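All of these numbers come straight from a predicted model, not from anything done at the bench. Residue numbers begin at 1 in each chain, while the letters A, B, ... track the order of the sequences.
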Amino acid sequence: MSRYAKRLDRDLVRWREAGWINTDGEAAIRRDVAAHASKLELASILGVLGAVLIGFGAMSFVAAHWSEMPRLFRLALIFGALFTSYGIAGVMFERKHPYFAHAAVLAGVAIFGAGIMLIAQMYHIDGHPPGAVRTWALGALAAGVVLRSNPALGLAMLLIALWSGWETTLSNEVHWSFVLGWGAVTAAIAWQRWSGGLHLAALTLAVWIISLGYVLFNGDAHGVVVAIGLLVMAAGISIPIVEPKLEEFSTPAIGYGMAIAFAGLFALQFWQDTPLDRLILLAVVAIALVLGVIWLGLKMGSRGLLWLGYAGFSLEVLALYFKTVGTLLGSSLFFLSAGALVILLSFLAYRLHARVQPNAEVAS
Amino acid sequence: MTLAGRNLWIAVAAVALGQAAVLGWMIWDRSSLLANGREVVLEVIPVDPRSLFRGDYVILGYDISRVELPAGAPRPKRNAPYYVTLKKGEGTLWTVAGAGAEHPRSVAADEVVLKGKVDYVSDAADRADARSVVGVNYGIESFFVPEGTGRDLERMVGDKKISAIIAVGEDGTAAIKGLLSEGQRVYDEPLI
């Protein structure tokens, strides 16, 4: 039983005893909850994990570089495993076991990647490793779109991130092609209406935007990152006012925008050699940002934003501590000011808590 | 949205055959390069000659991995394509006859153009002859030693000099076709 169901179970009893709902109403609510419960079963999770294991197995098989087997046989094995995986996926889709089917699709995509590696190794192809990852990502995307498989799309997104990260590391320049790959996979995820995938896409994009700060303008573009983050936040705040239909995107946009802006501010403060006056100014901005997000989280009843704000606050305070302690503020002064801030925060939370209590429970 | 019936199997076949076709294309591309590419023999500069074939894969260095930047030529960018023209010298080995960021317009019958990628450009100031050197990767720098054959290869090679037979395609793509030890073939890359 999920947390929501457990809580509802307690509440229903309470509501019935209070006379707000009758026994029929309670039974109807229970039936509705049971019908709409997420069917995330152990079997399906094990199936996906099994597929991941098969993927790793195929890759270690390549790494082992078996010489006892003739090359042709090794190739036949890879092709055979590829067709078998997709064959199993087809059978499982037909028998209405979608979770097993998706696990088989995932295994097929993993074997496709192992095949690329095997062939590159067999023929001493040493051209450009990220290119091989890109080919793999495109294969995963194709499987995800054609077979409507969310796990394959998730893998495609991770591979796009790996490809882009690798290219950026090699060239130390902004990898603009990422936008194309990311856009294609995100479009497929949106078409599938897969909300978890959209979060994965947002996270990948956020990491890419943050990485811009380290590679654009000779690695001094963190200000741009902060600006982008603040813009995303502003968009998130204005969504409910401008277009109420898109309200569900408001909270995530604020959260990701805050994370981007915070990461940029963090780099400005602690990655670079910052003079003290500038550091203090930036620290004030960063703390204002996290307090703002905490306030928004309370106001909108979003536990996610609250936690993000708390995490940002802790990170900021901890980093400031390591940067300043013993050198300028002295540890006691530091703890005093940080303590005063936290108390201020708790006072703020206390004042607002009573107001958001009912909303907070619904949103979580 | 889920697939069902005939559409399901069409989709499954499309994905499986599509991915198999990509793998098949990789194999075809490489084996046709090995079969049809022009052969060039290059001397290998081993990084550690004693244990060259002992590991899982070795890094092969070549004379042509460092090419002098022609006088007056602009500094090429990192990771940009770089074309190196080879000419058959005395004996079997090939030597550099020209280099540049563009594919040369005319290539003599006894010359072969290799397409590489700029790895680094070293400064002219560091060298007595005041010429910059371009480090070029051709994609023939890694050699995966087939498991179990490392020792045999090592025994055959001994202290002798190794050279590599490189197949070069029309567009300048290079592939390792085999290894020579003092003119004797010690390893042949099978086509499939």
Side-chain angles (χ1 to χ4, degrees), chain A residues 63-68 70-72 75 78-79 82-91 93-94 96 98 101 104-105 108-109 111-113 115-116 118-128 132 135-136 138-140 142-149 152 167 170-173 191-193, chain B residues 1-5 7-31 33-34 56-60 77-80 115-117 119 137-150 164 166 173-177 189-192:
Chain A
H65 202 193
W66 284 357
S67 59
E68 295 87 50
R71 179 177 278 211
L72 208 57
L75 279 178
I78 284 284
F79 280 103
L82 190 75
F83 285 114
T84 309
S85 297
Y86 289 118
I88 290 172
V91 172
F93 273 126
E94 214 166 46
K96 308 282 180 229
V105 171
V109 175
I111 289 163
F112 173 61
I116 294 173
L118 175 72
I119 292 162
Q121 180 182 313
M122 271 176 20
Y123 289 96
H124 310 288
I125 300 175
D126 177 32
H128 193 55
T135 309
W136 189 7
L138 290 176
V145 170
V146 176
L147 297 174
R148 316 268 156 88
S149 170
E167 290 277 15
L170 284 182
S171 67
N172 212 15
E173 278 167 25
W191 176 63
Q192 278 280 84
R193 295 170 197 282
Chain B
M1 213 172 352
T2 45
L3 297 158
N7 284 346
L8 166 70
W9 286 105
I10 292 172
V12 167
V15 170
L17 289 174
Q19 293 188 350
V22 171
L23 297 179
W25 182 83
M26 280 178 75
I27 297 166
W28 177 84
D29 183 53
R30 206 62 180 181
S31 51
L33 171 61
L34 288 174
D56 286 336
Y57 92 112
V58 288
I59 297 169
L60 303 178
K77 269 192 165 177
R78 227 188 137 218
N79 289 323
K115 185 184 176 187
K117 208 165 69 173
D119 186 26
N137 279 337
Y138 301 93
I140 50 174
E141 287 79 13
S142 295
F143 182 82
F144 292 95
V145 180
E147 202 173 82
T149 64
I166 307 295
T173 313
I176 299 174
K177 195 170 182 178
E189 191 64 33
L191 290 185
I192 284 181

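Atom-to-atom distance recorded for A/Ile111:CD1 and B/Leu23:CG is 11.0 Å, nearest 0.5 angstrom. Note that the OG1 atom of A/Thr135 and the CD atom of B/Gln19 stand 11.5 Å from one another [nearest 0.5 Å].
Heavy-atom distances place no part of B/Leu33 under 4.5 Å from chain A, backbone and side chain included. Both the backbone and the side chain of A/Phe112 have a heavy atom closer than 4.5 Å to some heavy atom of chain B. A/Ala142 touches chain B through its backbone: at least one of N, CA, C or O sits under 4.5 Å from a heavy atom, while the side chain does not. For B/Ala20, the parts lying under 4.5 angstrom from a heavy atom of chain A are both the backbone and the side chain.
Looking at residues two or more places apart in sequence or on another chain, you find a side-chain hydrogen bond (donor to acceptor under 3.5 Å, both in side chains) between B/Thr173 and B/Asp171. For A/Ser149, the side-chain hydrogen bond (donor to acceptor under 3.5 Å, both in side chains) partners are A/His102, not counting sequence neighbours.
Across all non-hydrogen atoms, the minimal contact from A/Glu94 to B/Leu8 is N-CD2, 3.9 Å. Contact detail for A/Tyr86 and B/Val12: the closest heavy-atom pair is O-CG1, 3.2 Å.
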